[in-house]
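Step one of this worksheet: look at the structure below.
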Amino acid sequence: MEILSINNYSISYDGRRSAVDAVSLTVARGEILSIVGESGSGKSTLLHGVLGLLPAGAAARGSLALFGEDVNTMSGKARRALRGSRVSMIFQDTGRYMNPIARIGAQYDEFLRVHGMNDARRRRDLQREMLLKLHLSDPERVLRAYPFELSGGMRQRVGIAIAMSLKPELLLADEPTSALDVTVQAQVIRQMMELRESFGTAIVLVTHNIGVAAYLSDRIGVMQNGKLVELGDAAESIDHTQHPEPRSLLDAVVEIDDESLIVNHG
Ligand SMILES: Nc1ncnc2c1ncn2[C@@H]1O[C@H](COP(=O)(O)OP(=O)(O)O)[C@@H](O)[C@H]1O
Ligand SMILES: [Mg+2]
């Protein structure tokens with residue numbers, strides 16, 4: 001069964017122009033698909049459509065199935081129930097979605113409780129475990145803090161920790177590391193790979209870093225003007241002579257932790 005299956009799927013914000021134009025793709029369990037493409041090509045819109053988070057007035061056409069179920073026939077309640085538990089999303093600036101006047105720990109705890117984790121002790125342990133995994137070395141301090149007391153990079157790591165907490169079957173990540181410094185980016189990339197290795201999480205990653213895409217993904221899609229103009233194996237679609245970008249992040253990933261990295265291009 002496909003985790004995500006999109007067929008001839010289009011999204012328009014204004015009823016005229018298509019921000020996403022007749023896109024078809026599937027994502028299998030445990031697969032990592034990266035999507036690259038210039039700004040405005042429809043990458044974020046596509047992810048929002050998958051998550052069911054389009055603004056009022058936007059219209060989607062075509063078919064979109066999650067876990068084999070057509071979302072058009074799903075109730076709003078069933079669709080919402082998928083969010084956070086079976087499907088998670090990480091945004092470029094996750095801090096923007098946090099409540100500015102509630103402590104991180106209270107928000108994190110609420111998220112886990114709402115998604116059915118009833119044991120307070122387990123919630124507390126999981127929070128600490130995930131924050132440590134995202135290299136927030138003093139989880140107690142982080143949990144006591146208000147969002148504004150943390151740096152942008154720390155807030156982003158908290159957001160990523162939360163999104164990964166329930167071991168989602170599908171993780172949608174929209175440029176999740178572009179606001180982080182290179183070392184932290186590498187840690188986040190590693191954490192995403194671990195999530196896939198440990199829980200079979202499928203990941204759709206929007207990134208502008210072709211090095212990261214090549215390193216992390218099974219397949220890479222290229223969007224242009226709302227269309228998916230290319231979709232291919234990561235190993236084949238990256239022609240390094242055509243993309244002579246500095247591969248600093250890739251190098252950093254490899255440098256930080258050679259041993260525990262599991263590279264899977266299969
Ligand atoms: N909320 C919105 N309302 C209207 N148009 C939007 C909205 N968000 C994005 N767009 C438009 O849709 C197109 C695709 O944008 P987007 O999905 O954000 O591209 P990308 O993520 O690839 O940069 C762009 O033309 C953009 O201006
Ligand atoms: Mg975008």
Side-chain angles (χ1 to χ4, degrees), residues 3-6 9-11 13 18-28 30-55 58 60 64 66 83-84 87-97 152-153 155-157 159-160 162-164 168-180 182 184-193 195-196 201-234 237-238 243 245 247 249-250 253:
I3 294 286
L4 173 65
S5 175
I6 295 170
Y9 184 69
S10 301
I11 297 170
Y13 287 104
S18 292
V20 168
D21 193 355
V23 167
S24 298
L25 62 86
T26 58
V27 178
E31 183 181 18
I32 301 184
L33 168 70
S34 286
I35 297 180
V36 300
E38 60 198 30
S39 180
S41 58
K43 306 180 298 293
S44 296
T45 302
L46 179 64
L47 292 195
H48 291 146
V50 170
L51 202 63
L53 285 185
L54 294 171
L64 167 62
L66 282 165
R83 262 180 240 145
V87 185
S88 261
M89 181 141 177
I90 311 172
F91 302 91
Q92 183 169 357
D93 176 13
T94 302
R96 209 152 51 87
Y97 298 85
R155 274 199 303 270
Q156 182 69 349
R157 275 179 282 167
I160 293 168
I162 293 175
M164 292 183 174
E169 292 162 76
L170 176 63
L171 179 68
L172 306 171
D174 193 357
E175 304 194 29
T177 61
S178 54
L180 303 175
V182 166
V184 180
Q185 284 187 34
Q187 288 158 354
V188 169
I189 297 295
R190 212 181 91 210
Q191 198 55 42
M192 291 207 278
M193 294 178 87
L195 196 68
R196 187 264 285 271
T201 299
I203 300 173
V204 180
L205 171 73
V206 169
T207 178
H208 56 256
N209 190 312
I210 200 89
V212 164
Y215 184 73
L216 187 69
S217 327
D218 303 303
R219 287 188 301 157
I220 298 180
V222 181
M223 284 190 75
Q224 202 174 71
N225 282 325
K227 289 186 161 47
L228 187 66
V229 293
E230 264 182 62
L231 182 64
D233 278 359
S237 56
I238 301 306
H243 300 281
E245 286 185 36
R247 296 171 63 199
L249 175 52
L250 181 57
V253 175

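This chain uses plain numbering: 1 for the first residue, then up along the sequence.
Looking only at side-chain heavy atoms (C-beta outward), Tyr97 and Arg155 stay at 4.5 Å or farther from each other. Between Ile189 and Met192, the closest side-chain pair of non-hydrogen atoms falls below 4.5 Å. Proximity of Thr207 to Leu216: side-chain heavy atoms (C-beta onward) are nowhere separated by under 4.5 Å.
Glu169 pairs by the salt bridge (charged side-chain N to carboxylate O under 4.0 Å, His left out) definition with Arg86, not counting sequence neighbours. Taking Tyr13 as the reference, nothing meets the ring pair (Phe, Tyr, Trp, His ring centres under 6.0 Å) condition, with sequence neighbours excluded. Judged as a side-chain hydrogen bond (donor to acceptor under 3.5 Å, both in side chains), and not counting sequence neighbours, the contacts of Ser178 are Gln92. Legend: residues meeting side chain to side chain contact (heavy atoms under 4.5 Å, CB included) with Asp174, ordered by chain and number and at least two apart, are Ser44, Leu47, Met89, Val206. Taking Val222 as the reference, Val36, Val229, Glu230 meet the side chain to side chain contact (heavy atoms under 4.5 Å, CB included) condition, with sequence neighbours excluded. Under the side chain to side chain contact (heavy atoms under 4.5 Å, CB included) criterion, Gln191 pairs with Lys133, Leu134, Met164, Glu194, sequence neighbours left out.
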Between Ile11 and His48, is a side-chain contact (heavy atoms from CB on, under 4.5 Å) present by the stated rule, with each step listed? CA-CA 10 Å; Ile11 297 170; His48 291 146; over 6 Å; no
Decide side-chain contact (heavy atoms from CB on, under 4.5 Å) for Leu33 and Leu25; before the verdict, give the C-alpha distance in whole Å, the side-chain angles of both, and the deciding distance to 0.1 Å. CA-CA 10 Å; Leu33 168 70; Leu25 62 86; 4.0 Å; yes
Yes or no on side-chain contact (heavy atoms from CB on, under 4.5 Å) for Arg196 and Asp218, after CA distance, side-chain angles and deciding distance? CA-CA 12 Å; Arg196 187 264 285 271; Asp218 303 303; 3.2 Å; yes
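Distance alone, capped at 3.5 Å, places no donor-acceptor pair between the Thr26 side chain and the Ser5 backbone. Distance alone, capped at 3.5 Å, is enough to place a donor-acceptor pair between the Lys43 side chain and the Glu38 backbone. Between the Asn225 side chain and the Lys227 main chain, no donor and acceptor come within less than 3.5 Å of each other. Distance alone, capped at 3.5 Å, is enough to place a donor-acceptor pair between the Ser88 side chain and the Ala163 backbone. With Arg219 contributing its side chain and Glu31 its backbone, the two residues share no donor-acceptor pair below 3.5 Å.
Considering CD1 of Ile32 and CD1 of Ile203, their distance stands at 4.0 Å, rounded to 0.5 Å. Atom CG of Asp21 and atom CG of Leu46 lie 12.0 Å apart (nearest 0.5 Å). Note that CG of Leu228 is 9.0 Å distant from CD1 of Ile6, once rounded to the nearest 0.5 Å. To the nearest 0.5 angstrom, Ser24 atom OG is 11.5 Å from Leu64 atom CG. Here the CZ-OH distance, from Arg190 to Tyr215, works out to 10.0 Å after rounding to the nearest 0.5 Å. Atom CG in Leu4 sits 7.5 Å away from atom CG in Leu172 (nearest 0.5 Å).
Here the closest heavy-atom approach between residue Ala60 and residue Tyr9 is recorded as CB-OH, 3.7 Å. In terms of heavy-atom proximity, Val23 sits nearest to Val20 at CG2-CG1, 3.7 Å. Across every non-hydrogen atom of Thr201 and Pro168, the tightest pair is OG1-O, 2.7 Å. Nearest heavy atom pair, residue Ala213 against residue Ala234, reads O-CB, 4.5 Å.
In summary, the side chains of Thr94 and Gln156 do present a donor paired with an acceptor at a separation below 3.5 Å, with no hydrogens or angles considered.
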